Amino acid sequence: WFQNLNEIQRRRFQSEHGEHRRVSWLLLRAVEEKQDEIDLDFQDAEQELGRYADGILSAKDFANLAGKYSEDEVTRKVGGQLGWVNQLGIGTDPAFARAAFMAQENTLFGPVRTKQGEALGWLHEIRQAPEQKEFRVAVRRGMHKKLRKQLFVEMELHCRYADPLAGIPTAGPEILR
């Protein structure tokens, strides 16, 4: 069955069960052309990140700077932590994900041009992809888990909202009114 998966399915399973990297970023928003004096173009952002990079020797240094200067509101609050990214960049900027997969563990990388601007990254940890046999088992388990969940939802909806004998709702929201 594994050989019969199409390319889209293989890519999805690779993103779910393949190699992942735990990363943080410090993002400076940048534009191609400045519209205002406070705007940074990509070159200005890259230079500013270069100055920050000079002071980063550890993950703690990175987190402190990301917490002060990152322009990504969500990750700034947690020291720049993006979490686990996959090689396909699903859920994050693809250029940043590619750079993370070229970096060494516990190192600074970048600046990287992203869709939002320029970013520095810190690679905290690498979670290797399982061997092919374990990968297939993980994919199979993942498929079974999704099928069980889908089946449970369908069964629950059928049982909860319709009594096949009477043709009326038995435990749906109408009963609770």
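Bear in mind that the values here come from a model prediction, so they are computed numbers and not experimental data.
Within the 4.5 Å cutoff, no side-chain heavy atoms of D93 are placed close to those of V112. The closest side-chain heavy-atom distance from T75 to L27 is not below 4.5 Å. A heavy-atom distance below 4.5 Å is found between the side chains of P94 and K115.
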- Can you list the steps and then say if D72 with Q116 is a side-chain contact (heavy atoms from CB on, under 4.5 Å)? CA-CA 9 Å; D72 178 11; Q116 300 94 339; over 6 Å; no
- Message: side-chain contact (heavy atoms from CB on, under 4.5 Å) for T92 and V23? Distances and angles first, verdict last.
- Response: CA-CA 11 Å; T92 190; V23 296; over 6 Å; no
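A distance below 6.0 Å separates the ring centres of F96 and F109.
Under the 4.5 Å side-chain heavy-atom criterion for ILVMFWY residues, no single connected hydrophobic cluster contains both L108 and L123.
Among all heavy-atom pairs drawn from A45 and A30, the shortest one is CB-CB, 4.0 Å. Closest approach of W84 to E125, counting heavy atoms only: CH2-CD, 3.7 Å. Nearest heavy atoms, I126 versus E105: N-OE2, 3.4 Å. Taking each heavy atom of L49 and L26 in turn, the nearest pair found is CD2-CD2, 3.6 Å.
Rounding to the nearest 0.5 angstrom, the gap separating the CZ atom in R113 from the CD atom in E118 is 5.5 Å. The CD atom of Q35 sits 11.5 Å away from atom CG of D41, with the distance rounded to the nearest 0.5 Å. Note that CZ of R29 is 11.5 Å distant from CG of L40, once rounded to the nearest 0.5 Å. One finds the NZ atom of K68 at 6.5 Å from the CG atom of N64 (value rounded to the nearest 0.5 Å). Put simply, CD on Q87 and NE2 on H20 are 9.5 Å apart, with the number rounded to the nearest 0.5 Å. Note that CG of N106 is 10.0 Å distant from OG of S58, once rounded to the nearest 0.5 Å.
In this structure, F62 and W122 have tilted ring planes: the angle between them lies in the 30° to 60° band.
Applying the salt bridge (Lys or Arg N to Asp or Glu O under 4.0 Å) test to every pair with at least one member in residues 74-84, sequence neighbours left out, gives these pairs: E73-R76.
Residue K34 qualifies as enclosed at atom NZ: its count of foreign heavy atoms under 6.0 Å is above 12.
For the ring pair (Phe, Tyr, Trp, His ring centres under 6.0 Å) test, residues two or more places apart in sequence or in another chain that qualify with Y52 are Y69.
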